[in-house]
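Chain naming here is simple, since letters A, B, ... match the order of the sequence lines and numbering starts at 1 in each.
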Number of protein chains: 2
Amino acid sequence: MNDLSNHEQAIELLQELGLKEYEAKAFVALTRLPQGTAKEISDISEVPRTRVYDAVRVLETKGLVEIQHANPQRFRAVSIDEAAETLRREYEDRVDSLRTSLREIEPAVPAENTEVTHEVWALSGGSAITSRTQQLVDESDDEVILVIGDESAYTPELQERLQAAGDRDVSVVIGITEESLRERVQRELPNAKVFASGLEWLNSSAETGDETVIRRLLLVDRNTILVSSFHEDLGEGHEHEQAVFGRGFDNGLVAIVRRLMYTGLLSNVEA
Amino acid sequence: MNDLSNHEQAIELLQELGLKEYEAKAFVALTRLPQGTAKEISDISEVPRTRVYDAVRVLETKGLVEIQHANPQRFRAVSIDEAAETLRREYEDRVDSLRTSLREIEPAVPAENTEVTHEVWALSGGSAITSRTQQLVDESDDEVILVIGDESAYTPELQERLQAAGDRDVSVVIGITEESLRERVQRELPNAKVFASGLEWLNSSAETGDETVIRRLLLVDRNTILVSSFHEDLGEGHEHEQAVFGRGFDNGLVAIVRRLMYTGLLSNVEA
DNA sequence: ACCCACCTTCACTCACATAATCACAATAAG
DNA sequence: CTTATTGTGATTATGTGAGTGAAGGTGGGT
């Protein structure tokens, strides 16, 4: 009976989607009824009866609820799919407007200050990291070395870009832990050297007791690296991927990773 | 130079998408720079320098900003498309979860109280109204009379459903004010009787001075109606469509509209 | 080695939005 | 007419975020 859980989760999600607590609770309550009065809603949600009216009026203006003006007033939620679609569209529109607005804003360049070496950037979130990974592969000029520690980090888009890199004579070397994936990658990227990653020791959860694994490890042209790690994370239940990427041949971090990858990993390739 | 406008609009949109004011301002500021320090961000946004750090950290965890841990720290926004995509996905996921959660919640039926006649429901928002209109057409059993006061109210989806109604021997009658649209509808719905709406007098903005127009007027099986009106609305600039729909042959509202449509409008059809 | 300017963090106040409660008017039922 | 229930509005409490300042840290210049 994790129905309670669903119930609460729905309320939370609605709030994250911009509804107030009372609005969210009232909507979920209405979802459980074919229709309802303020009193009924108040009974099964925990919204004070006198506040149900305000909440429902707001929901009505958002297109999520219909109101029957009688005495007592009766309220009815639109279907779940209709509600979802309404909300989805609302945000879709906002994101589109945002994109447009941002493009129109003129850049401000206060000071020339483009020191390009020794950068080390931190970033988080799977999609941001995926995107940066692809970008770095696209930029590659000479050599790409990539260790994949997790099947989900190997996407079709990445595959394409690796292929493209290979096609323009970039040397592509890929290390993979899982054997099944290794075979698949070898098949899909005939130009690349695919080898068994000697990386297992990095993901030593047994010893350290933490649940962090290295998911991606990328070295481009010997002067740019990206490392991402993945936490199952604290009871929160929400997982998270974090990464750093660094540029500059003489960047300390880059140097360490370069050394690591060349000595610890590439020895397997030639062998 | 409504660039200011774009600037402010972007900030507002970001807040509607869940960012705090400082976070939104900082992000927009970063969008205008290839990269920036806390001071630079503070200068071109109106975020106190000491709070730029908090804001940017939050942005980083959302995958919108990258951080360079140096002294001074440097920040960089991801590309506009990347940011938009990240936000879009975030909400897409939430809506999907919401749909799932809502489906799982068991219904609660506190009291049998399903009085089906004499309903009059109020609803707002173009999409909710469109959806209800289509649903009513789908339910039609015998006769559909629809007056369209606005080209945008005649969508391909609606056309399909009217077609389908006609195919199952429902009598479809459509009134339209604009001549150009009338020809098109007649062409697309050969089964339907399309006529010049005698409805102009309803949209008497000249006399009443208000900017409200009747957008849709629907009568289904002589016992269910839907009326929607559209306001250009107060300086707010945000337009809004509102509607009522009612059920029950002996429902007063339904009776009035039925009478109106039969006498005032349908006389044209036979003529 | 020291000072000084700046960077960064943190704790705190204030204002405002929202949650929560109450008083009262309107309506319907008995 | 009485009474219970419904609906509206005002009022109070609470929590969050905006805005400000103090204090510690860092690096550069003397």
Pick the nucleotide of DNA chain C nearest each of B:Arg51 and A:Lys25; which residue has the one closer to the 5' end? B:Arg51

Among D:dG7, D:dA18, C:dT8, which nucleotide has an atom closest to any side-chain atom of B:Ala38? C:dT8

Can B:Arg216 and B:Thr130 be said to form a side-chain hydrogen bond (donor to acceptor under 3.5 Å, both in side chains), step by step? CA-CA 10 Å; B:Arg216 328 183 204 225; B:Thr130 298; 3.1 Å; yes

Can you tell me if B:Tyr53 touches the phosphate of C:dT9, counting only side-chain N or O atoms and a distance under 4.0 Å to OP1 or OP2? no

Any donor-acceptor pair under 3.5 Å joining the side chain of B:Thr50 to the base of D:dG19? no

From the options D:dT8, D:dA18, D:dT6, select the nucleotide whose nearest atom is closest to the side chain of B:Lys20. D:dA18

Hey, does A:Pro48 reach any base, or is it just sugar-phosphate, or nothing, if we go heavy atoms under 4.0 Å? base

Looking at B:Glu46, I'd like to know if its CD atom is crowded, meaning that more than 12 non-hydrogen atoms belonging to other residues, nucleotides or ligands lie closer than 6.0 Å. no

Would you kindly compare A:Arg49 and A:Tyr22 by the position of their nearest DNA chain C nucleotide and give the one closer to the 5′ end? A:Tyr22

Which label fits B:Tyr53 and B:Phe75: parallel for a plane angle under 30°, tilted from 30 to 60°, or perpendicular past 60°? perpendicular

4.5 Å side-chain heavy-atom contact, A:Leu30 and A:Arg76: no

Just the rounded figure in Å: distance from C1' of C:dT8 to CD of B:Glu60. 17 Å

Please report the distance, rounded to the nearest Å, between NZ in B:Lys39 and P in C:dA5. 15 Å

